[in-house]
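Everything below concerns the one structure shown next.
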Amino acid sequence: MLNRITTLIFFATIAIITMAQTGTHDSISKQDSNAVIGRPYKLFDATAFCSYSSFHPSQYLTDNNWDILCAFVEPGTISKLYSLGVPYSKSQLRLLEVGDLLSSDNGVYTTSMNIFGKGETTTMRQQSKEFADSIFPAIESEINQLISDFEEAGYTKQMYSLIFSYLLDSYIWDDERLSSPMSCEDHGTWSGAYWAMFESRPHCKIGTNGYGQVKQNWTDNLGYWLSSNKLVSFAQEVYKTKGGKIENHEVIDAVAGWGLTDENGNILIPVLHANNNDKIDLLSKSITNKLSDAVKKYCSVWHKAHNISSEQVGQIIFYHEVMWDLLDILESKGLVSMPAILKGEEVGKDHFGDICFIVIDDSEK
């Protein structure tokens, strides 16, 4: 619905901003460098695959709330915070409960979000790489054909974003394949999954932002950002025209020079149609069906081994690791290459259109 465009910015595989951690006593700072307790939030690889209308889950990490969450990865009572030298107040605990990041039962607190330690993070990434290596031969020929079809459609400049953001990080999250944030458990002010791996992978963080039908690929290094308000306004016009020429001159002027439209309102970025059964759609469906079926089968057992609350959340966490391994394979084979704008190079804001595309879901007609 249109009003979702104006009330919700949906972040897939989003890099979480670092929150200031203050007031921690010396005893916690002397913990083993390989331990979760005492490790600053900024050193973790935290991901929120979520939708929200008021408070993002990371916004509950005020003061030293992250230290509290780390302390209760293994359940305990308030006395555990005393023994670790972690200061707290009742309002902090209540806030974390309101955000559904912490739960309590008869005075025993347990962290609700998954925070994975060093050994477990290493193991999970070994498992995801093995999975990606095993599944890639089954989808390689179709990915090659999809790349060829994108080239034929004139989408060469957006190839990296179409393969990563559209195929691997958008098309698959449709509930029929893997669950979207909005179909996940509700957490009061947000829905979806929020978790932290012990450390980041070597490459920069990559993700996809959605503004209604307009999608934008991003990295931590991206130096050109069109404001969310302007992207939302653009998305509203795209919704009205169903991906056709923009007639609203205020919106045309607002996005001028960013590679989204020309001066007459003609769309300059790919307009893809999901669920219309054209050759691009059929290939995307086939590839993501194979991926999601394999992920679901794998995670039926995997999520229990890593103490993840449900198969649904397990699939989200595991696939977010598999996704990076698949991208590594694609890049190593020379099938896709990251455009300069995503590397942070000063190529000009007009290249912003190289990392954007529009998705029209024809099943919603």
Side-chain angles (χ1 to χ4, degrees), residues 1-19 47-61 157-158 161-162 165-166 169-170 173 180-182 189-192 194 205-272 339 341-342 344 346-361 364:
M1 294 177 64
L2 178 59
N3 62 1
R4 179 163 292 280
I5 296 175
T6 59
T7 60
L8 173 66
I9 297 176
F10 161 61
F11 297 84
T13 322
I14 187 170
I16 308 304
I17 59 174
T18 301
M19 300 292 176
T47 303
F49 184 69
C50 71
S51 61
Y52 69 102
S53 57
S54 55
F55 292 101
H56 188 280
S58 68
Q59 290 179 284
Y60 294 97
L61 302 186
K157 290 192 299 183
Q158 293 87 8
S161 295
L162 291 178
S165 284
Y166 178 61
D169 196 26
S170 292
W173 304 112
S180 67
M182 288 172 283
T189 67
W190 61 282
S191 62
Y194 182 37
K205 193 86 170 182
I206 313 169
T208 306
N209 284 353
Y211 305 87
Q213 296 166 323
V214 178
K215 313 297 178 184
Q216 177 221 327
N217 192 185
W218 58 263
T219 67
D220 279 348
N221 296 326
L222 184 63
Y224 300 93
W225 289 87
L226 181 58
S227 74
S228 295
N229 289 338
K230 290 180 179 180
L231 278 168
V232 168
S233 295
F234 176 63
Q236 289 174 324
E237 293 304 311
V238 167
Y239 179 86
K240 293 175 184 177
T241 66
K242 297 181 173 56
K245 181 178 178 180
I246 302 297
E247 301 291 348
N248 188 322
H249 288 283
E250 289 186 4
V251 172
I252 295 172
D253 291 342
V255 301
W258 287 88
L260 301 178
T261 73
D262 65 16
E263 60 185 11
N264 297 314
N266 296 303
I267 300 293
L268 299 178
I269 60 177
V271 179
L272 305 172
I341 187 173
L342 289 178
E346 295 184 8
V347 292
K349 69 178 186 179
D350 56 307
H351 284 275
F352 188 75
D354 297 352
I355 57 174
C356 294
F357 55 93
I358 293 166
V359 181
I360 308 296
D361 189 344
E364 296 178 354

Pairwise side-chain contact, [X] with [Y], heavy-atom cut-off 4.5 Å (strictly under):
{"X": "Tyr239", "Y": "Gln213", "result": "yes"}
{"X": "Val238", "Y": "Tyr211", "result": "no"}
{"X": "Leu162", "Y": "Leu272", "result": "yes"}
{"X": "Leu222", "Y": "Ile341", "result": "yes"}
{"X": "Tyr194", "Y": "Ser58", "result": "yes"}

Compute whether any side-chain donor of one residue and acceptor of the other, for Lys215 and Ser161, lie under 3.5 angstrom apart.
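No, Ser161 and Lys215 have no side-chain donor paired with an acceptor closer than 3.5 Å.
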With Ser165 via side-chain hydrogen bond (donor to acceptor under 3.5 Å, both in side chains) - residues at least two apart
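In terms of side-chain hydrogen bond (donor to acceptor under 3.5 Å, both in side chains), with neighbours along the sequence ignored, Ser165 is linked to Thr208, Asn217.
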Test side-chain hydrogen bond (donor to acceptor under 3.5 Å, both in side chains) applied to Ser191 - qualifying residues, sequence neighbours left out
Ser51
At what distance, to the nearest 0.5 angstrom, does [atom1] of [X] lie from [atom2] of [Y]?
{"X": "Leu342", "Y": "Thr219", "atom1": "CG", "atom2": "OG1", "value": "5.0 Å"}
{"X": "Lys205", "Y": "Asn221", "atom1": "NZ", "atom2": "CG", "value": "13.0 Å"}
{"X": "Glu237", "Y": "Asn248", "atom1": "CD", "atom2": "CG", "value": "4.0 Å"}

If I compare all heavy atoms of [X] with all of [Y], which pair ends up nearest, and what's the gap?
{"X": "Leu226", "Y": "Leu260", "result": "CD2-CD1, 3.8 Å"}
{"X": "Gln158", "Y": "Leu268", "result": "NE2-O, 4.2 Å"}
{"X": "Pro270", "Y": "Cys356", "result": "CD-O, 3.6 Å"}
{"X": "Gly259", "Y": "Ile269", "result": "O-CG2, 3.5 Å"}
{"X": "Trp218", "Y": "Gln216", "result": "CB-NE2, 3.6 Å"}
{"X": "Ala254", "Y": "Lys230", "result": "O-CD, 3.5 Å"}

Without placing hydrogens or testing angles, list every side-chain donor-acceptor pair under 3.5 Å for residues 347-355, not counting sequence neighbours.
| unit_1 | atom_1 | unit_2 | atom_2 | d |
| --- | --- | --- | --- | --- |
| His351 | ND1 | Asp354 | OD2 | 2.7 |

Decide if the gap between the ring center of Trp173 and the ring center of Phe49 is smaller than 6.0 angstrom.
yes
Got a donor-acceptor contact below 3.5 angstrom from the Asn264 side chain to the Asn266 backbone?
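Side chain of Asn264 to backbone of Asn266, a donor-acceptor pair under 3.5 Å: no, none is there.
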